[in-house]
Amino acid sequence: MNFLLATLRLGLSNLWVHKLRSLLTALGIIIGVGAVVAIAAYGEGTKRAAVADILRLGANNIIVRSVAPPGSNVAGQDQATRLNIYGLTRRDLRRLQQPESVAPVQRLVPLKRVGDRVRLGTRSVNAAVYGTTPDLADAASLTVDRGRYLGDADQAGTRNVAVIGAEVADRLFPLADPLGRSFLIDRQRFVVVGVLRRIGLAGGAGAALVGRDLNFDIHIPMATADTRFGDIRQSRGQGTTERTLVELSEVIVRVPDQNAVRPVAEKIERLLATGGGDRADVTLIVPLELIEQAERVQLRSNVLMIVIGGLSLFVGGVGIMNIMLASVTERTREIGIRRALGATRRHIVAQFLVETTTLSCVGGLIGVAGGLAVSLVLTWYAARYGGLEPPVVLPLPVVIAFAFAVVVGVVFGLYPAVRASQQDPIVALRHE
């Protein structure tokens with residue numbers, strides 16, 4: 001014990017005498033450990049944000065969506081007035097609703113897009129107007145911030161009521177409470193009965209998945225959408241009028257358990273393909289698969305970044321070896337004196353290993369502190385200005401980074417220590 005304490009005291013005193021050199025020697029370790037800790041924390045934060053965005057759509061959900069296939073079905077010969085027919089039909093919905101078709105299914109929620117622009121006086125907003133049923137709130141995990149969501153009475157009475165997204169509320173009613181106020185969808189007047197809570201999907205994984213910012217959604221009763229707007233949407237271009245007939249824009253299928261998501265998705269694909277071959281006008285989106293994909297992509301990214309940080313640690317280890325080899329040459333006479341006074345080779349090895357291990361440990365601790373400091377700064381910046389996801393520090397990457405730094409110090413310090421111990425005492429004493 002006395003030998004260990006004396007060796008530790010001697011190694012620390014040698015490092016303290018050359019403080020600047022010791023700091024520069026450990027710089028590679030500091031940067032490498034700090035980079036690994038900060039990158040792992042930011043990667044974990046980004047992954048969790050992406051998964052949270054997708055989870056808002058429901059990990060137990062399958063989204064069956066109408067898409068315009070290449071060369072959509074065109075009815076009529078007059079190119080000035082075209083009718084494109086594609087996508088999900090009510091017949092498809094009835095087939096999906098049959099208990100034996102795609103069981104087990106908790107809920108089927110149809111959506112039908114009927115408009116893109118809403119107005120109130122001189123203000124107008126590009127919004128996505130959907131006819132749907134009251135079940136959508138539960139299936140898509142929507143939360144009403146003010147008022148209420150659509151009800152069965154709205155559906156049965158084909159009422160002109162609407163639940164609007166947070167951005168629509170801010171832009172149409174910037175200085176007033178939207179509840180009870182009316183606005184125009186095309187030329188139809190609707191009354192606001194609810195405002196959805198703002199959700200952070202804009203620009204995130206969830207927005208990429210649904211293809212729009214859900215804060216610009218407007219939901220009206222499906223019966224009202226069928227009665228007031230019909231199935232044909234019309235848009236005018238330069239010299240042409242394009243009409244599109246899509247009976248249903250999408251259907252959200254909710255299953256009771258995540259283990260049933262993939263089997264049900266396969267059943268839906270087979271059901272829609274029967275009688276018509278591959279349905280190029282329908283696509284399936286499975287959020288559960290996207291969650292797993294996001295986790296795999298983030299894992300690969302983290303591994304790449306950690307490898308880069310590991311290379312920095314390796315360079316730091318080479319720096320330690322280089323400095324310690326120079327130190328051996330510089331302290332040859334000191335080694336000779338210690339050997340002449342009775343120090344064994346084991347004592348010399350221990351002295352130099354103490355120095356290199358101390359350098360790597362201190363460098364590792366400073367690196368961990370630096371990585372945590374960077375994570376705190378990024379968290380503060382994300383909370384104040386947005387634009388990035390707050391990092392999430394996990395204990396395992398911190399422990400691994402520090403342990404690797406210690407191993408680097410021992411491994412790269414071993415050769416200089418052995419070389420120092422092999423000095424001939426007589427030759428070392430004569431060294432100038």
Any donor-acceptor pair under 3.5 Å from [X] side chain to [Y] backbone:
{"X": "Thr132", "Y": "Pro110", "answer": "yes"}
{"X": "Arg159", "Y": "Gln155", "answer": "no"}
{"X": "Ser124", "Y": "Arg119", "answer": "no"}

Looking only at non-hydrogen atoms, find the nearest pair between [X] and [Y] and report the distance.
{"X": "Ile252", "Y": "Ala139", "result": "CG2-CB, 4.2 Å"}
{"X": "Pro104", "Y": "Val264", "result": "O-CG2, 3.7 Å"}
{"X": "Val398", "Y": "Val393", "result": "CG2-CG1, 4.0 Å"}
{"X": "Phe173", "Y": "Pro178", "result": "CD1-CB, 3.3 Å"}
{"X": "Ser375", "Y": "Ala41", "result": "OG-CB, 3.5 Å"}
{"X": "Gly367", "Y": "Val33", "result": "C-CG1, 3.8 Å"}

With the side chain counted from C-beta on, respond yes when [X] and [Y] share a heavy-atom pair under 4.5 Å apart, and no when they do not.
{"X": "Leu93", "Y": "Val251", "answer": "yes"}
{"X": "Leu196", "Y": "His219", "answer": "yes"}
{"X": "Val193", "Y": "Val163", "answer": "yes"}
{"X": "Thr89", "Y": "Leu248", "answer": "no"}
{"X": "Tyr130", "Y": "Lys112", "answer": "no"}
{"X": "Val64", "Y": "Glu250", "answer": "no"}
{"X": "Val195", "Y": "Val144", "answer": "no"}
{"X": "Ile232", "Y": "Thr244", "answer": "no"}

* To do: For the pair Arg171 and Arg123, evaluate side-chain contact (heavy atoms from CB on, under 4.5 Å) and give the outcome as yes or no after the intermediate values.
  => CA-CA 8 Å; Arg171 299 191 183 197; Arg123 290 188 291 271; over 6 Å; no

Nearest-0.5 Å distance, [atom1] of residue [X] to [atom2] of residue [Y]:
{"X": "Leu271", "Y": "Arg95", "atom1": "CG", "atom2": "CZ", "value": "4.5 Å"}
{"X": "Arg197", "Y": "Asn215", "atom1": "CZ", "atom2": "CG", "value": "12.5 Å"}
{"X": "Ile85", "Y": "Arg243", "atom1": "CD1", "atom2": "CZ", "value": "9.0 Å"}
{"X": "Leu394", "Y": "Leu396", "atom1": "CG", "atom2": "CG", "value": "8.0 Å"}
{"X": "Ile62", "Y": "Glu269", "atom1": "CD1", "atom2": "CD", "value": "9.0 Å"}
{"X": "Glu44", "Y": "Thr46", "atom1": "CD", "atom2": "OG1", "value": "9.5 Å"}

* To do: Start with the C-alpha gap between Asn160 and Thr224, add the side-chain angles, then the distance that decides, and say whether side-chain contact (heavy atoms from CB on, under 4.5 Å) holds.
  => CA-CA 7 Å; Asn160 282 24; Thr224 305; 3.5 Å; yes

Could [X] and [Y] be called an ion pair, given the rule that one side-chain N must be under 4.0 Å from one carboxylate O?
{"X": "Asp154", "Y": "Arg148", "answer": "yes"}
{"X": "Asp170", "Y": "Arg198", "answer": "yes"}
{"X": "Asp281", "Y": "Arg65", "answer": "no"}

* Asked: Is it true that atom CZ of Arg117 has more than 12 heavy atoms of other residues, nucleotides or ligands lying nearer than 6.0 Å?
  ->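 Yes.
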
* Can you tell me if CZ on Arg181 sees more than 12 non-hydrogen neighbours from other groups inside 6.0 Å? ->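 Not more than 12 within 6.0 Å, no.
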
* To do: Show the numbers, then the answer: is there a side-chain contact (heavy atoms from CB on, under 4.5 Å) between Leu88 and Ser66?
  => CA-CA 6 Å; Leu88 291 163; Ser66 298; 3.6 Å; yes

* Full working for salt bridge (Lys or Arg N to Asp or Glu O under 4.0 Å) between Asp226 and Arg90 -> CA-CA 12 Å; Asp226 290 336; Arg90 294 183 183 88; 3.3 Å; yes

* To do: Sort out for me which residue in Asp186, Asn126, Ile164, Val129 forms a side chain to side chain contact (heavy atoms under 4.5 Å, CB included) with Val118.
  =>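 Answer after filtering Asp186, Asn126, Ile164, Val129: Val129.
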
* Asked: Which of parallel (below 30°), tilted (30 to 60°) and perpendicular (above 60°) describes Phe229 and Phe190?
  ->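 Ring orientation of Phe229 relative to Phe190: parallel.
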
* Apply the test side-chain contact (heavy atoms from CB on, under 4.5 Å) to residues Asp177 and Arg146: give CA-CA distance (whole Å), side-chain angles for both, the deciding distance (0.1 Å), then the verdict. => CA-CA 9 Å; Asp177 186 353; Arg146 285 169 284 172; 3.8 Å; yes

* Pairs in or reaching into residues 354-382: which pass ring pair (Phe, Tyr, Trp, His ring centres under 6.0 Å), with residues at least two apart or in two chains? ->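 Non-adjacent pairs meeting ring pair (Phe, Tyr, Trp, His ring centres under 6.0 Å): Trp380-Tyr385, Tyr381-Tyr385.
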
* Asn61 and Arg254: CA distance, side-chain angles, deciding distance, side-chain hydrogen bond (donor to acceptor under 3.5 Å, both in side chains) verdict -> CA-CA 4 Å; Asn61 289 349; Arg254 187 173 185 85; 3.1 Å; yes

